[in-house]
Amino acid sequence: MKKIMSFILLLAFLTASTWPIAAADDSSSKQAKVLILYHAEEQTQREEVPILDMLAGHFSSDITIQSIEEAAAEYVKGDYTHVIYFGLGKRQLTEEELFVVDQYDDVKKMFIGNYFEYFKEAPDLSIRDYRNIDSVSGDGKMFDLKEEKDMMLINGIEQMEVLFEGQAADGAYPLIFKNDNLYYVAANSITGRISDIVGESLFDFFDEEKSPPKKLIRLEDIHPRSDPVLVKQVGDYLAERNIPYAVTVVPVYTNPETGQSIHLSQAIELVEVLQEMQKNGASLIQHGYYHQYREDETGEGFEYWDVDHDRPIYQSNTDEVKLREDFASDEEYQDFVQNVGLPYEQTYIYDSIVNGVYEMTAEGLYPIAFEAPHYSMSQTGYKELSKYFTTYVGQIQISDRTYDGTFVPLYESTPAGLHGMKIIPETMGYIDPDNGKAVDEMIEKADYAAQFGDSYLAFFYHPYLGIEKFDEVMTKLEKYDQYEWVDLKEMDHKTEVDGMVVETAGGDIEVSRPMSVLVAQTTRDLWWVSIPLVIFVIIAVAAVAQKFRRRKTDSEFWEKQ
């Protein structure tokens with residue numbers, strides 16, 4: 001009975017000490033209010049808009065994005081502090097569309113791409129020619145683009161301040177330049193490394209100071225079949241050097257050949273290693289739930305994208321696949337997507353998040369951020385994910401057209417397209433065991449990223465590769481010892497699923513649980529209580545049964561008399 005009373009008292013104490021935590025004060029939110037207006041005529045052009053959104057998201061969390069056609073139809077002037085026009089289409093703008101931008105004559109403006117010479121702030125500008133460039137210079141540095149990009153040669157900018165120049169075969173030409181509060185980018189596309197140059201110019205545009213680069217390590221794809229010895233080796237290596245790091249956890253491993261699933265609760269040694277790593281400073285990230293959708297092995301397969309058909313998860317992996325050709329018209333297919341596909345996808349994502357968070361927290365493992373397997377997720381998926389996580393780690397899929405296209409800026413960002421989620425970027429890649437030059441290529445990417453303000457030198461590593469390869473990367477990164485390692489727990493993150501809250505505050509992790517989860521998890525953790533309870537119940541039932549039999553025997557005896 002003493003143990004039963006102890007259990008009741010402990011449950012009462014835990015209940016009292018785990019009330020939901022109040023949301024963190026967001027008084028530090030950026031004050032710039034940004035309007036991005038774009039003109040795009042093709043799907044591939046529209047896919048560049050999220051890139052610009054993520055670049056601007058480092059400087060403001062208040063971003064509105066509209067097509068120039070939508071803005072002209074509404075004809076409403078907002079109270080924006082910064083306006084960016086992104087001209088991707090080749091059609092000349094109408095007077096109404098030009099006026100939408102021209103009416104913002106009292107704010108900072110940036111013009112990128114086609115037809116900016118028609119706005120009233122650029123009456124003397126004109127395009128005289130085009131050049132292919134393979135590098136960009138500025139701020140005393142030279143940036144290799146790794147591929148040729150097209151830029152415009154502009155007349156009428158002799159009195160303007162040039163921030164960056166494009167390097168062509170016949171000389172250098174102004175690429176990004178400004179005149180007081182008006183900025184111009186003479187490129188009609190910001191794909192590839194041009195995006196990093198535009199991002200660097202935004203420090204000037206938003207009048208923000210640059211901070212030194214920072215470093216981040218992520219141990220990847222830790223699932224219930226991961227070798228705890230190899231995982232611990234890397235964790236101990238980092239702990240001995242007092243280096244903070246992140247660990248992405250997949251709660252369930254599924255064998256594609258047998259269909260057998262192994263949950264974290266069955267991987268006792270691994271859980272103990274992860275608990276120790278978390279205690280020693282590791283930040284845990286939920287990396288999906290299964291890390292597979294069809295018959296791929298956990299860690300290899302996609303989870304939030306049907307890669308076989310290159311589309312979002314619209315159906316169960318056991319259902320007969322419904323594609324556009326299975327419908328008589330586009331309208332019928334869109335009806336299927338809206339009424340069957342999207343609701344299924346939302347429920348599918350919700351279930352994976354809830355199950356993942358609950359199974360991790362049941363083992364004392366607390367995810368403070370999320371990463372989609374292979375960085376693949378639809379735009380609807382990001383919107384659903386933002387309901388439960390405030391932080392996403394990795395890269396972002398920029399289109400629902402195909403999974404084969406991700407982007408992340410070199411710095412943190414809170415873009416409009418992620419509905420309030422902050423991105424912590426990965427910029428260096430990982431070690432592919434089939435690539436003998438993988439480490440050198442990672443360091444080359446670090447050298448490149450280190451040239452930019454507020455940048456991350458961030459990579460991920462699979463512990464199954466062993467400690468030697470990891471040590472090789474870490475040794476070569478010593479050239480950047482002057483930069484600090486990022487401890488994600490020092491930032492503000494919040495995970496909230498059905499009343500279960502995991503929140504960081506000043507380097508600590510705080511957890512609160514609803515009563516139903518608290519009782520279930522406490523009972524599971526205090527399994528020893530079940531033994532005396534079962535014994536007590538058996539004795540009580542036996543005593544009642546014995547007493548009942550005695551009464552029945554006595555009654556039968558007197559009836560016979």
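This chain uses plain numbering: 1 for the first residue, then up along the sequence.
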Taking atom [atom1] as the centre, does [X] end up with more than 12 heavy-atom neighbours from other residues, nucleotides or ligands that are less than 6.0 angstrom away?
{"X": "Asn242", "atom1": "CG", "value": "no"}
{"X": "Lys476", "atom1": "NZ", "value": "yes"}
{"X": "Asn339", "atom1": "CG", "value": "yes"}
{"X": "Gln482", "atom1": "CD", "value": "yes"}
{"X": "Glu332", "atom1": "CD", "value": "yes"}
{"X": "Lys383", "atom1": "NZ", "value": "no"}

Which is it for Lys469 and Met474 under the side-chain contact (heavy atoms from CB on, under 4.5 Å) test, yes or no, and what are the steps along the way? CA-CA 9 Å; Lys469 276 291 183 184; Met474 297 298 291; over 6 Å; no
Is there a side-chain contact between [X] and [Y] (heavy atoms, below 4.5 Å)?
{"X": "Glu303", "Y": "Ser352", "result": "yes"}
{"X": "Ile349", "Y": "Tyr304", "result": "yes"}
{"X": "Leu175", "Y": "Ile194", "result": "yes"}
{"X": "Tyr118", "Y": "Leu98", "result": "yes"}
{"X": "Met491", "Y": "Val486", "result": "yes"}
{"X": "Phe452", "Y": "Tyr411", "result": "no"}
{"X": "Val136", "Y": "Glu165", "result": "no"}
{"X": "Leu385", "Y": "Met377", "result": "yes"}

Between [X] and [Y], a side-chain donor and acceptor under 3.5 Å:
{"X": "Thr406", "Y": "Gln395", "result": "yes"}
{"X": "Ser126", "Y": "Glu117", "result": "no"}
{"X": "Ser378", "Y": "Gln397", "result": "no"}
{"X": "Gln286", "Y": "Glu371", "result": "no"}
{"X": "Glu426", "Y": "Tyr375", "result": "yes"}
{"X": "Ser189", "Y": "Glu48", "result": "yes"}
{"X": "Thr380", "Y": "Gln346", "result": "no"}
{"X": "Thr391", "Y": "His493", "result": "yes"}
{"X": "Thr427", "Y": "Tyr448", "result": "no"}

Run Phe205 and Tyr183 through ring-ring contact (aromatic ring centres under 6.0 Å, His included) and show every step you take. CA-CA 7 Å; Phe205 182 60; Tyr183 290 69; 5.1 Å; yes
Evaluate Arg131 against Asp170 for salt bridge (Lys or Arg N to Asp or Glu O under 4.0 Å), listing each step before the verdict. CA-CA 9 Å; Arg131 286 292 186 276; Asp170 60 348; 2.9 Å; yes
Closer than 4.0 angstrom, basic N to acidic O: yes or no for [X] and [Y]?
{"X": "Asp454", "Y": "Lys214", "result": "no"}
{"X": "Glu47", "Y": "Arg401", "result": "yes"}
{"X": "Asp134", "Y": "Lys149", "result": "no"}
{"X": "Asp492", "Y": "Lys422", "result": "no"}

Applying salt bridge (Lys or Arg N to Asp or Glu O under 4.0 Å) to Lys108 and Asp207, what does each step give before you reach the verdict? CA-CA 10 Å; Lys108 276 193 167 183; Asp207 195 25; 5.6 Å; no
Decide side-chain hydrogen bond (donor to acceptor under 3.5 Å, both in side chains) for Gln451 and Glu200; before the verdict, give the C-alpha distance in whole Å, the side-chain angles of both, and the deciding distance to 0.1 Å. CA-CA 10 Å; Gln451 299 178 92; Glu200 191 76 352; over 6 Å; no
What are the two closest heavy atoms between [X] and [Y], and how far apart are they?
{"X": "Leu488", "Y": "Ser283", "value": "CB-OG, 3.6 Å"}
{"X": "Lys494", "Y": "Thr390", "value": "N-OG1, 2.8 Å"}
{"X": "Glu97", "Y": "Ala72", "value": "CG-CB, 4.0 Å"}

Would Tyr456 and Glu412 satisfy side-chain hydrogen bond (donor to acceptor under 3.5 Å, both in side chains), going step by step from the backbone distance to the final call? CA-CA 8 Å; Tyr456 270 69; Glu412 296 171 26; 2.5 Å; yes
Are the aromatic ring centres of [X] and [Y] under 6.0 angstrom apart?
{"X": "His82", "Y": "Phe206", "answer": "yes"}
{"X": "Phe302", "Y": "Tyr293", "answer": "no"}
{"X": "Tyr38", "Y": "Tyr85", "answer": "no"}
{"X": "Phe327", "Y": "Tyr333", "answer": "yes"}
{"X": "Tyr115", "Y": "Phe119", "answer": "no"}
{"X": "Phe203", "Y": "Phe59", "answer": "yes"}
{"X": "Tyr184", "Y": "Phe116", "answer": "yes"}

Checking Ile353 against Phe370 for the side-chain contact (heavy atoms from CB on, under 4.5 Å) test, could you report, in this order, the C-alpha distance in whole Å, the side-chain angles of both residues, the deciding distance, and whether it holds? CA-CA 9 Å; Ile353 290 171; Phe370 191 91; 4.3 Å; yes
Go through the steps for Tyr461 and Asp221 under the test side-chain hydrogen bond (donor to acceptor under 3.5 Å, both in side chains), then give the verdict. CA-CA 9 Å; Tyr461 186 79; Asp221 290 339; over 6 Å; no
So Arg311 and Asp400, side-chain contact (heavy atoms from CB on, under 4.5 Å) or not? Walk me through it. CA-CA 7 Å; Arg311 70 172 189 178; Asp400 286 353; over 6 Å; no
Just do the salt bridge (Lys or Arg N to Asp or Glu O under 4.0 Å) check on Glu41 and Lys90 with the steps written out, would you? CA-CA 8 Å; Glu41 297 166 357; Lys90 296 181 179 180; over 6 Å; no
Ser376 side chain to His374 backbone, donor-acceptor under 3.5 Å: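 Yes.
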Give a yes or no on whether the backbone of Lys178 and the side-chain of Glu161 come within a donor-acceptor separation of less than 3.5 Å. no
Step by step, would you call Lys210 with Asp139 a salt bridge (Lys or Arg N to Asp or Glu O under 4.0 Å)? CA-CA 12 Å; Lys210 300 176 185 177; Asp139 198 23; 3.4 Å; yes
Let's go through Asn179 and Gln159 carefully: what are the C-alpha distance in whole Å and the side-chain angles of both, what is the deciding distance for side-chain hydrogen bond (donor to acceptor under 3.5 Å, both in side chains) to 0.1 Å, and is it a yes or a no? CA-CA 8 Å; Asn179 183 18; Gln159 304 305 315; over 6 Å; no
Under the criterion side-chain contact (heavy atoms from CB on, under 4.5 Å), I'd like the reasoning laid out for Ile217 against Phe470: C-alpha separation, chi angles, the key distance, then a yes or no. CA-CA 11 Å; Ile217 299 171; Phe470 187 71; 4.1 Å; yes
